[in-house]
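Have a look at the structure below before the remarks.
All values below were derived from every heavy atom in this structure, side-chain atoms included, with hydrogens, water molecules and symmetry-related copies excluded. Letters A, B, ... are given to chains in the order of the sequence lines, protein chains preceding strands, and every chain is numbered from 1.
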Protein chains: 2
Amino acid sequence: MARTSGSFSDITGPKIRAAALRLFARHGYAAVSMRQIAGEVGVQAGALYNYIPDKQSLLFDLLKGHMDELLAERADNHLTGSPTTRLEDFTRFHIRFHHMRKDAVFISYMELRNLTEENFALIEALRSRYENDLQTILEAGRASGDFTLSDAKVSARAIIAMLTGVNTWFREDGRLKLAEVEQIYWQMVQNLVASRG
Amino acid sequence: MARTSGSFSDITGPKIRAAALRLFARHGYAAVSMRQIAGEVGVQAGALYNYIPDKQSLLFDLLKGHMDELLAERADNHLTGSPTTRLEDFTRFHIRFHHMRKDAVFISYMELRNLTEENFALIEALRSRYENDLQTILEAGRASGDFTLSDAKVSARAIIAMLTGVNTWFREDGRLKLAEVEQIYWQMVQNLVASRG
DNA sequence: GTCTATATTACGATAGAC
DNA sequence: GTCTATCGTAATATAGAC
């Protein structure tokens, strides 16, 4: 049966998303052209429009997909136990997940301003749910006397910023293994919320 | 004496830098055109090239200027006293300085990838000096027994990420005043490095 | 020092052949 | 479903008049 010239598989759509994710993370949304993305995929620029309506939708799909996966995998994590156990789960999950999804994490922080207003609101709502998840854990720990916090919302934001910061410096071939980094950060998080003796 | 049509002052250069800083922070380096910058300043695009050789140099000058100011103002801070005092100074200085320089801070994190390789190395060296400054304080505190840390470099990075994160959510008209935020974060930093009783 | 005008290149997106 | 070709627009940067 006839194959049209450039068609090697039925996964052009996912390949477009993967190429865009990598290029946006490396050079930034505005700096990447549709021709560059097409070049990575191995098609001509016009062919992209069989899969996406426009460039903006492509960006939104990437960010939306990332947030959906974050919340879904987080939900798979066990969410019961003492506040300390739940906080440790959150800490280790956050570091591991964000390490595995570096490109998506990067553009999720960098390219929010390139979303339309309503697309931004949708992403922001998802991000907020993740943050509230941590805040709930912190408040449970305060109620049980396990944690001491002056402001659970601020603490949640501080912890997330601290943990996400790992992505800016950690390298696979560096001085520390990821498991060690995870342990160091968990110790710091424990200190941060510690009830003082 | 004759004035050429569009010339209202002798500070076109600084005005260009100010306009570029604001526009780059708002829309991103790649998304901002020289015509937009010129429009903000009140000149035509061609006139910008009397002040800057090209767009890339403009970005580098902004980032370099920001890092120079950060290190200079940090040096004006008093750098003596106990490790705890010096850590408190660093914490409060970081929050205040980064709050006053939101746009510059933003592009300093976002637009590093748009620098040429050598320009990036120059900025990275300055950023590293700032980080080492904090690391030195932490090591002094560990040596004196005031702090407990498993890894001073990781702790320095974690603290800086945590403090810089304030910029992503703090609003002047929000629930908390900046002085309160400063206090909450200083408490968290103290916990983070605390020697456990 | 700024203007107007322009050279050159590239962009996002679309049309129609196959 | 992808190709080639192209439309309409806008980009950085430069040249020369004033």
Side-chain angles (χ1 to χ4, degrees), chain A residues 1-63 107 111 113-116 119, chain B residues 1-63 107 111 113-116 119:
Chain A
M1 54 214 255
R3 268 227 178 267
T4 52
S5 58
S7 177
F8 280 86
S9 71
D10 294 333
I11 55 160
T12 303
K15 279 171 74 177
I16 290 170
R17 291 165 53 92
L21 181 65
R22 203 158 47 78
L23 288 170
F24 289 168
R26 196 108 64 203
H27 308 291
Y29 171 76
V32 172
S33 70
M34 299 302 274
R35 285 170 177 79
Q36 271 179 279
I37 297 170
E40 288 276 310
V41 174
V43 297
Q44 291 301 312
L48 300 179
Y49 293 88
N50 291 318
Y51 299 92
I52 54 159
D54 52 38
K55 195 183 176 188
Q56 154 79 201
S57 300
L58 179 53
L59 175 62
F60 175 69
D61 285 349
L62 292 174
L63 297 196
I107 67 170
E111 309 293 357
R113 61 192 168 182
N114 284 310
L115 294 174
T116 61
N119 281 348
Chain B
M1 53 217 257
R3 267 223 179 271
T4 52
S5 57
S7 177
F8 281 86
S9 72
D10 294 333
I11 55 160
T12 303
K15 280 171 73 178
I16 290 170
R17 290 165 52 92
L21 181 65
R22 202 159 47 80
L23 287 170
F24 288 167
R26 195 109 63 203
H27 308 291
Y29 170 77
V32 172
S33 71
M34 298 303 272
R35 282 173 179 79
Q36 274 178 277
I37 298 170
E40 289 276 309
V41 175
V43 298
Q44 292 300 312
L48 300 179
Y49 293 89
N50 291 318
Y51 298 91
I52 54 158
D54 52 37
K55 196 184 176 188
Q56 154 78 202
S57 300
L58 179 53
L59 175 62
F60 174 70
D61 285 350
L62 291 174
L63 298 196
I107 68 170
E111 307 295 356
R113 61 194 167 178
N114 285 308
L115 293 175
T116 61
N119 280 349

Just by modelled atom types, is the A:Arg113 backbone N or O under 3.5 Å from a matching donor or acceptor in the B:Arg26 side chain?
-> no

Select one nucleotide: of C:dA13, D:dA13, C:dT2, the one nearest the side-chain heavy atoms of A:Met34.
-> C:dA13

Could you check how far CG of B:Leu58 sits from P of D:dA13, rounded to whole Å?
-> 10 Å

From CD1 of B:Ile11 across to P of C:dT2 the rounded distance in Å is 11 Å

Think A:Thr12 has a side-chain N or O under 4.0 angstrom from the OP1 or OP2 of D:dT2?
-> yes

Classify the nucleic acid contact of B:Val32 as base, sugar-phosphate or nothing, counting any heavy atom under 4.0 Å across all strands shown.
-> sugar-phosphate

Nucleotide nearest B:Val43 when distance is taken to its side chain, options C:dG12, C:dC3, C:dG1 = C:dC3

So, B:Glu40 side chain and B:Ile16 main chain: donor-acceptor pair closer than 3.5 Å or not?
-> no

Between A:Arg35 and A:Ala45, the two heavy atoms sitting closest are CG-CB, 3.9 Å

Send over the distance from A:His27 NE2 to C:dC11 C1', rounded to a whole Å.
-> 17 Å

Between A:Ala47 and A:Gln36, which is nearer to the 5' end of DNA chain C once each is assigned its nearest nucleotide?
-> A:Gln36

Proximity to the side chain of B:Ser33 - top-ranked nucleotide from C:dG1, D:dT2, D:dA11 = D:dA11

Which nucleotide sits closest to the side chain of B:Lys55: C:dA13, D:dA13, D:dC3?
-> D:dA13

In a check of side chain to side chain contact (heavy atoms under 4.5 Å, CB included) between B:Ile107 and each of B:Leu21, B:Leu23, B:Asn114, which one passes?
-> B:Leu21

Calculate the interatomic distance between B:Tyr51 atom OH and D:dA13 atom C1'; express it in whole Å.
-> 17 Å

Between A:Tyr49 and D:dG1, is there a side-chain N or O to OP1/OP2 distance below 4.0 Å?
-> no

Rounded to whole angstroms, how far apart are CD1 on B:Ile37 and P on D:dA13?
-> 10 Å

Starting at CG of B:Asn50 and ending at P of D:dG16, how long is that distance when rounded to a whole Å?
-> 15 Å

Counting side-chain heavy atoms from C-beta on, which of D:dT2, C:dA13, C:dC3 comes nearest to A:Asp54?
-> C:dA13

When the nearest nucleotide of DNA chain D is assigned to A:Arg35 and to A:Gln44 on a heavy-atom basis, which residue is associated with the more 5' position?
-> A:Gln44

When rounded to the nearest 0.5 angstrom, what distance separates CG in A:Leu62 from CD in A:Glu111?
-> 10.5 Å

Rounded to whole Å, CG of B:Leu23 lies from P of D:dA11 at a distance of 12 Å

